[in-house]
> 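The structure is given below, and queries will be raised subsequently.
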Amino acid sequence: MKLPIFRSENNKNAPAWLAEYNTGRAKTDRQYVCQAPFRALRFSQSGNIYFCCHNRFYSLGKYPEISLQEAWGGEKANKFREMIKSFDLSGGCHNCRTHLENRNFASAGTTVYDNLSKGNPEFPVMMDFEISNLCNLECAMCSGENSSMIRRNREGKEPYPMRYDENFADQLSHFIPHLHEARFVGGEPFLIDLYYQIWERISTINPAVSIQILTNGTVLNQKIIDFVENNNVHVSFSLDSVVKETYQAIRQNANYEQVFANLETIREISQRKSRNISVNICAIRQNRMEIPEMLRYFSEKKIAVIFHIVHYPPAHALWGLTYPELAELAAFYKNSALELRGNIPQADMNRFLGLMKQVEIWRNKAKMEQEEILPEEEELWKELYNQIVRHFQKAEGVDVVHLSDKYSVRLQAIADMVDDRMLVRRALRNLRGIPIGMLIAELETGSDEVLLERFIAIAN
């Protein structure tokens with residue numbers, strides 16, 4: 001695979017925000033808006049293979065129908081790389097494009113891939129695994145897509161089939177010698193048997209690989225402790241509160257004392273071995289006022305903090321708060337930022353400022369809508385259709401009308417399943433809180449069942 005030619009912000013096709021964005025990036029990483037298509041692969045539980053965790057729209061193929069080598073070096077992969085060379089983010093990079101256009105660079109997923117080291121261009125240097133939803137928790141803001149317990153107990157549905165097998169692990173052996181980093185999420189990674197096979201292959205073939213695991217912290221035994229101790233393992237804990245009552249209300253089925261004891265065990269190993277350890281926080285309604293305190297708490301323990309901006313479900317997402325609530329939150333974060341500055345690591349501060357800026361964007365939008373009389377359904381459809389059109393007009397070489405009609409018709413078919421037309425009007429109004437590219441990606445990949453559930457949920 002030939003690497004694309006160097007492109008800089010001086011290129012005539014460069015977007016207006018690129019020069020400002022590049023000022024905060026390492027100079028060696030400025031040639032592409034995003035490094036992911038040239039350095040990374042992601043495996044999803046559906047079998048679809050992607051370049052990154054932020055774009056679930058553009059699939060390179062589906063395992064086992066396509067091999068890993070075909071996914072990485074095939075026509076679809078190379079076509080997408082050409083799009084990125086031309087600064088074209090219309091191929092599913094909707095969420096990142098929204099953040100970049102809003103100059104909210106700290107929240108853009110592209111920044112995650114800037115830190116990837118260069119390697120052999122014929123192989124990815126990073127692989128990202130999300131192959132199963134097997135999980136022991138039923139978190140308040142989660143769904144059956146990410147938790148087998150929720151899918152069984154809350155949703156009453158059959159388990160998802162496991163798409164990956166030992167042959168998948170065999171194919172990975174071809175790539176492992178060239179890997180620098182491998183990331184594992186779930187479900188709960190320490191419950192997924194195939195991960196242990198993959199970790200064993202990595203430790204045997206290329207023990208220098210940085211193994212990064214995102215865990216809910218509930219599973220820890222001597223086997224895991226020995227694995228973390230004796231391999232290049234970096235652990236991130238999903239922890240949404242340091243307050244017991246809040247934590248257990250969000251992370252249902254988890255034991256607060258046990259999880260924080262497990263955190264201390266892994267922290268001791270990680271810091272003794274000079275390895276990274278972090279916490280991944282879902283910023284939601286239940287914990288929104290606790291976030292500055294979490295920054296202080298984990299900073300004292302020298303644990304990095306990463307924020308996940310939640311869009312679904314609306315009942316838990318910050319964007320669905322009222323204008324007064326968002327105004328209060330934005331002011332609270334602004335005051336907290338002044339108090340925190342200089343007292344926590346700059347990287348954590350930058351991520352908090354990114355969250356703060358996103359809250360301010362939602363606040364400004366809510367202010368414009370707070371006195372709005374709910375428009376008629378026809379007017380709402382027209383507005384949404386125009387948003388979709390404007391989205392595709394930013395892309396090059398696409399049939400704007402065909403694509404706009406395609407996704408509008410799909411959404412209308414979902415809306416027609418709902419008898420309550422007032423609910424439909426509320427849902428259409430609230431869809432304005434979702435990045436339009438994310439909506440399109442959902443319409444492209446979601447089943448009628450899932451889309452109907454989300455359409456009804458977003459009305460509330």
> Decide side-chain hydrogen bond (donor to acceptor under 3.5 Å, both in side chains) for Tyr160 and Arg151; before the verdict, give the C-alpha distance in whole Å, the side-chain angles of both, and the deciding distance to 0.1 Å.
CA-CA 9 Å; Tyr160 288 122; Arg151 186 163 177 85; 3.2 Å; yes

> Checking side-chain polar atoms at under 3.5 Å, does Gln346 have a donor or acceptor matched by the opposite partner on Asn350?
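A donor-acceptor contact under 3.5 Å links the two side chains.
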
> Are any of the side-chain nitrogens in Glu138 or Arg251 under 4.0 Å away from the carboxylate oxygens of its partner?
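Judged by the 4.0 Å cut-off on N to carboxylate O distance, Glu138 and Arg251 do not form a salt bridge.
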
> Quick check: does any side chain N or O of His234 sit under 3.5 Å from a backbone N or O of Asn276, one acting as donor and the other as acceptor?
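Judged by distance alone, yes, a pair lies under 3.5 Å.
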
> Using a strict 4.0 Å threshold on nitrogen-to-oxygen distance, state whether Asp448 and Arg410 make a salt bridge.
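Result for this pair is yes, salt bridge flagged.
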
> Determine whether the side chains of Glu290 and Ser241 contain a donor N or O and an acceptor N or O closer than 3.5 Å.
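Checked: Glu290/Ser241 side chains pair up, N/O donor to acceptor below 3.5 Å.
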
> Between Arg296 and Glu300, does at least one N-O distance fall below 4.0 Å, as a salt bridge requires?
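Here Arg296 does not pair with Glu300 in a salt bridge, since their nearest N and O are not under 4.0 Å apart.
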
> Indicate yes or no: does Arg363 engage Glu328 in a salt bridge with an N to O separation below 4.0 Å.
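Not counted as a salt bridge, because no side-chain N and carboxylate O are separated by less than 4.0 Å.
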
> Determine whether Gln258 and Asn262 satisfy the following criterion, side-chain hydrogen bond (donor to acceptor under 3.5 Å, both in side chains), listing intermediate values before the conclusion.
CA-CA 6 Å; Gln258 187 61 59; Asn262 293 345; 2.9 Å; yes

> With rounding to the nearest 0.5 angstrom, report the CE to CD distance, Met149 to Glu188.
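Those atoms lie 13.0 Å apart.
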
> For the residue pair Thr110 and Tyr21, confirm or rule out a side-chain donor-acceptor distance under 3.5 Å.
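Side chains of Thr110 and Tyr21: pair found under 3.5 Å.
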
> From Ser147 OG over to Asn153 CG, what is the distance, rounded to the nearest 0.5 angstrom?
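So the gap between those two atoms works out to 8.5 Å.
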
> Can you confirm if the aromatic rings of Phe227 and Trp199 lie within a centre distance of less than 6.0 Å?
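Yes - the distance between ring centres of Trp199 and Phe227 falls below the 6.0 Å cut-off.
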
> What about the rings of Tyr58 and Phe51, do their centers lie closer together than 6.0 Å?
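Between Phe51 and Tyr58, which both carry aromatic rings, the centre distance is not below 6.0 Å.
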
> Should the heavy atoms of other residues, nucleotides or ligands under 6.0 Å from NZ of Lys79 be counted, would the total exceed 12?
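No.
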
> Going by side-chain hydrogen bond (donor to acceptor under 3.5 Å, both in side chains), Ser117 matches just one of Arg39, Glu181, His180. Which one?
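That would be His180; it is the only one of Arg39, Glu181, His180 passing the side-chain hydrogen bond (donor to acceptor under 3.5 Å, both in side chains) with Ser117.
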
> Do the side chains of Asp226 and Lys223 get close enough for a salt bridge, i.e. N-O under 4.0 angstrom?
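A salt bridge is absent here (no side-chain N lies under 4.0 Å from a carboxylate O).
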
> Quick check: do Leu172 and Arg201 have side-chain heavy atoms less than 4.5 Å from each other?
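Side chain of Leu172 against side chain of Arg201, heavy atoms only: no contact under 4.5 Å found.
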
> Kindly check if the number of other-residue, nucleotide or ligand heavy atoms within 6.0 Å of CD (Gln222) is above 12?
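For Gln222, atom CD is crowded (more than 12 foreign heavy atoms under 6.0 Å).
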
> Given Arg288 and Leu318, is the side chain to side chain contact (heavy atoms under 4.5 Å, CB included) satisfied, shown in steps?
CA-CA 8 Å; Arg288 66 186 188 272; Leu318 297 181; 3.8 Å; yes

> For residues Leu100 and Arg97, determine if any side-chain heavy atom of one lies less than 4.5 Å from a side-chain heavy atom of the other.
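Sidechains of Arg97 and Leu100: no contact.
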
> Step through the shown structure and confirm whether more than 12 heavy atoms of other residues, nucleotides or ligands are within 6.0 Å of CD on Glu158.
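Open.
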
> Could you tell me whether Glu360 and Lys334 make a salt bridge, using a distance below 4.0 angstrom between a side-chain N and a carboxylate O?
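So Glu360 does not pair with Lys334 through a salt bridge.
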
> If you round to the nearest 0.5 Å, how far is CD1 of Ile361 from NE2 of His99?
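It is 8.0 Å, given to the nearest 0.5 Å.
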
> Could you walk me through whether Glu264 and Arg267 pass the salt bridge (charged side-chain N to carboxylate O under 4.0 Å, His left out) test, one step at a time?
CA-CA 5 Å; Glu264 283 301 306; Arg267 181 176 78 97; 2.9 Å; yes

> Look up atom CD1 in Ile84 and atom CZ in Phe38, then write down how far apart they are to the nearest 0.5 Å.
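Output value for this atom pair is 6.5 Å.
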
> Is any side-chain N of the basic residue among Arg103 and Glu20 closer than 4.0 Å to the acidic one's carboxylate O?
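Salt bridge flag = yes for Glu20 with Arg103.
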
> Can you check whether Ser236's main-chain N or O pairs, donor with acceptor, with Asn280's side chain at less than 3.5 Å?
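Pair absent, no side-chain N/O of Asn280 close to backbone of Ser236.
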
> Under a 4.0 Å threshold between the charged nitrogen and the carboxylate oxygen, would Lys273 count as salt-bridged to Glu268?
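Looking at Lys273 together with Glu268, the answer is no, because their closest N to O distance does not fall below 4.0 Å.
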
> Do the side chains of Asn287 and Met294 get nearer than 4.5 Å, heavy atoms only?
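Answer yes - side chains close enough.
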
> Strictly under 6.0 Å, is that where the ring centroids of Tyr63 and Tyr164 end up?
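That pair passes the under 6.0 Å test.
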
> With heavy-atom distances below 4.5 Å as the criterion, would you say the side chains of Met162 and Ile131 are in contact?
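In short, these two side chains touch, coming nearer than 4.5 Å.
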
> Going by heavy atoms in the side chains, are Asn136 and Asn253 under 4.5 Å from each other?
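Not touching, per the 4.5 Å side-chain cut-off.
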
> So do Leu326 and Trp319 actually touch side chain to side chain, heavy atoms under 4.5 Å?
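A side-chain contact under 4.5 Å is absent here.
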
> Could you check whether any side-chain N or O of Thr246 sits under 3.5 Å from a backbone N or O of Val242, counting only pairs where one atom can act as donor and the other as acceptor?
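A pair under 3.5 Å: no.
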
> For Arg272 and Glu229: C-alpha separation, side-chain torsions, deciding distance, then whether salt bridge (charged side-chain N to carboxylate O under 4.0 Å, His left out) applies.
CA-CA 10 Å; Arg272 174 164 46 83; Glu229 178 85 33; 2.9 Å; yes

> Looking at Tyr113, is Arg183 sitting on its ring face, NZ or CZ under 6.0 Å from the six-membered ring centre and within 45 degrees of the normal?
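Yes, Arg183 and Tyr113 form such a contact.
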
> Nearest 0.5 Å, please: how far is CD1 in Ile250 from CZ in Arg285?
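Spacing of CZ (Arg285) from CD1 (Ile250) equals 13.0 Å.
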
> As an exercise, state the distance from NZ of Lys302 to CD1 of Ile277, rounded to the nearest 0.5 Å.
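So the gap between those two atoms works out to 13.0 Å.
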
> Whether the side chain of Glu70 engages the backbone of Ser67 through a donor-acceptor N/O pair (distance < 3.5 Å, no angle test) should be reported.
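Yes, Glu70 side chain to Ser67 backbone: donor-acceptor pair under 3.5 Å.
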
> Is the positively charged end of Arg81 above the ring of Trp72, judged by distance under 6.0 angstrom from the centroid and angle within 45° of the axis?
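That pair qualifies as a cation-pi contact.
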
> Would you confirm whether Lys76, through its side chain, and Ser59, through its main-chain N or O, come within 3.5 Å as a donor-acceptor pair?
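Indeed, once roles are kept as given, a pair shorter than 3.5 Å links the two residues.
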
> Would you say the side chain of Ile205 lies within less than 4.5 Å of the side chain of Pro177, judging by non-hydrogen atoms?
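The answer is yes, as the side chains (C-beta and beyond) meet within the 4.5 Å cut-off.
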
> Find out whether Ile269 and Arg275 are in side-chain contact, i.e. whether some heavy atom of one side chain is under 4.5 Å from a heavy atom of the other.
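Yes. Closest side-chain heavy atoms under 4.5 Å.
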
> So, for Tyr333 and Phe352, is the gap between ring centers shorter than 6.0 Å?
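So the answer is yes for these two rings.
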
